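Read through the structure below, which is laid out as structure tokens, and then see the notes.
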Amino acid sequence: MPPTLASLVHHSALKLTVRAGEDRLDVPVRWAHVSELADPVPYMEGGELLLVTALKLDAEDPEAMRRYVKRLAGAGVVGIGFAVGVNYDEIPEALLEAAREEGLPLLEVPRRTPFLAISKAVSAAIAAEQYRAVTAGFAAQRELTRQALTTGPEGLLGALAAQLDGWAALYDASGAVVAAAPEWAHRRAARLTAEVERLRERPAPASSVVGSPDNEDRVELHSLGTGRRPRAALAVGTAAAPGTAERYAVHSAIALLTLTTERSRSLHAAEQRVGAAVLRMLLAGEPDHARAVAGDLYDGLLDAPFRVLVAEASTGAGAMASTGTGADGDPLGALTETVESAAARSGEAVLAVPDGERLVVLAADGGAAVAACLAHAGALETARTAPDTPGADENALVVGLSAPAGPSAAPAAHRQAEQALSVARRRGRVLVEHEHLAAGSVLPLLADDAVRAFADGLLRALREHDATGRGDLVASLRAWLSRHGQWDAAAADLGVHRHTLRYRMRRVEEILGRSLDDPDVRMELWLALKTTGTEQP
């Protein structure tokens with residue numbers, strides 16, 4: 001405990017007597033200071049016990065003493081020690097009354113107690129408190145280290161919460177709660193995600209103090225990691241600001257968790273190299289070798305249906321950083337962070353491998369990583385279509401997602417993902433699933449400028465003929481093709497005689513220089529009509 005006025009009064013060697021402010025003796029004393037100035041306030045910091053003999057004070061003037069005591073109290077002075085038997089045989093009544101009115105403790109110091117003895121007592125008590133705090137801090141550091149080595153971050157958080165008599169929580173790079181102690185703190189910590197995200201926008205190391213959502217405690221947030229962007233964050237909730245010993249514990253936890261984070265980064269890089277080798281073997285059609293290399297690293301990922309995801313940054317967006325972590329202007333890093341964080345929270349394995357300027361991901365079908373990817377792409381799609389969305393260009397992303405597959409079908413799944421990626425790029429979409437392509441129409445795949453230019457060129461001569469008013473060849477061709485060359489049905493649709501329709505089709509052949517008996521010609525004409533939007537009469 002730090003020294004207080006009460007501890008000084010109970011100090012047997014000092015022989016101090018309380019003459020005023022008896023109900024405020026539990027206030028901590030930061031220092032004992034001697035000053036005979038009529039106004040010592042400019043030299044005070046607050047928390048001092050002021051020792052005086054009234055050498056330069058008009059101590060018998062009630063109005064002067066009221067001003068003097070009021071100014072001292074306003075400056076944070078915790079008490080006055082008045083030496084009797086030096087300039088006054090007893091404390092002047094004016095000073096006594098002023099101290100009582102203000103509620104400021106006034107201690108009578110006997111002549112045989114030098115001010116130096118009081119200063120030494122305060123200094124010794126402060127030193128003892130600091131030693132106790134440092135010793136307790138080192139003990140907490142040893143316990144936190146032991147927990148970090150034996151039980152990991154969860155045990156470390158438990159020990160930290162006990163040391164602080166509060167709670168502690170660890171967040172991952174996405175701002176999601178990874179672990180919390182005690183268990184009830186998990187929900188409270190989850191409500192601070194927005195504050196953690198704001199902290200991540202600041203260069204590391206960074207910290208902030210916020211109120212908990214329910215205003216029950218004081219929360220400190222600290223970024224973790226040595227890179228430009230924090231890898232994780234620590235939150236500690238306490239009823240009041242941590243003391244010296246508690247501060248040592250918090251700083252120790254930050255250091256240990258940072259070491260854990262950086263070690264995790266090195267392990268992640270090693271895992272990424274193993275993952276790249278596993279992926280190459282899968283795509284080479286060697287699933288047994290891939291399983292042998294992967295071992296238990298991917299925890300059953302290769303034994304159940306998975307999806308292959310291929311992603312690339314669209315033109316103008318930044319390429320993925322070598323660490324694979326998200327950052328502003330790094331859409332592939334952000335996607336990696338999203339799928340890996342989702343997989344970690346759900347306890348599922350995921351394989352994310354940078355492949356040149358692309359990212360290849362293997363994730364469990366129906367798992368959290370695939371769901372997080374779909375949600376991430378949906379958010380980017382919404383931002384892309386919204387007007388004046390800040391940062392939309394920096395986060396431009398194109399993703400192709402395969403159908404579910406097993407290890408032996410990994411090469412086919414990879415081709416599906418690349419095909420879906422190509423379609424997404426042409427359509428200007430963030431994500432396309434291969435399954436949706438197979439279930440839909442082939443026509444949207446042809447909707448690019450080159451195909452439209454070909455269709456316009458193929459039909460231009462027929463449109464020019466129709467523009468002269470000498471027939472309706474385009475509509476007639478559409479009707480005939482839609483009826484699979486059935487003359488009567490097509491003529492009925494057009495409301496003309498079948499001989500008229502036969503004449504028109506001969507004119508089509510003459511103008512185009514192609515035979516409608518050729519199935520390739522009919523196919524090209526039908527796709528041209530569909531592509532240019534002239535398939536309707």
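Keep in mind that this is a model prediction, so the values were computed, not measured.
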Flag the pair [X] and [Y] as a salt bridge only when some basic side-chain nitrogen lies within less than 4.0 angstrom of an acidic carboxylate oxygen.
X	Y	answer
Glu524	Arg514	yes
Arg218	Glu220	yes
Arg415	Glu418	no

Partners passing side chain to side chain contact (heavy atoms under 4.5 Å, CB included) against Val398 (at least two apart in sequence or in another chain):
Glu312, Ser314, Leu421, Ala424, Arg425
With Ala363 via side chain to side chain contact (heavy atoms under 4.5 Å, CB included) - residues at least two apart
Val350, Val361, Ala369, Val370
Any [X] side-chain heavy atom under 4.5 Å of [Y] side chain:
X	Y	result
Phe306	Ser402	no
Leu401	Cys373	no
Asp217	Thr238	no
Ile511	Leu473	yes
Leu431	Glu381	no
Val310	Leu359	no

Distance, nearest 0.5 Å, that separates [atom1] of [X] from [atom2] of [Y]:
X	Y	atom1	atom2	answer
Arg507	Leu512	CZ	CG	10.5 Å
Trp167	Glu183	CH2	CD	13.0 Å
Leu397	Leu380	CG	CG	6.0 Å

Side chains of His414 and Gln416, donor plus acceptor under 3.5 Å
no
So, does Glu509 use its side chain to make a donor-acceptor pair with the main chain of Leu516 at under 3.5 Å?
yes
Considering only distance and modelled atom types, tabulate donor-acceptor pairs under 3.5 Å from the side chains of residues 497-506, sequence neighbours left out.
unit_1, atom_1, unit_2, atom_2, d
His497, ND1, His499, N, 3.0
Arg504, NH1, Ser476, OG, 2.8

If we check side chain to side chain contact (heavy atoms under 4.5 Å, CB included) with Leu362, which of these qualifies: Leu309, Leu282, Val278?
Leu282
What heavy-atom pair brings Ala232 and Leu170 nearest, and what distance separates the two atoms?
CB-CD1, 4.3 Å
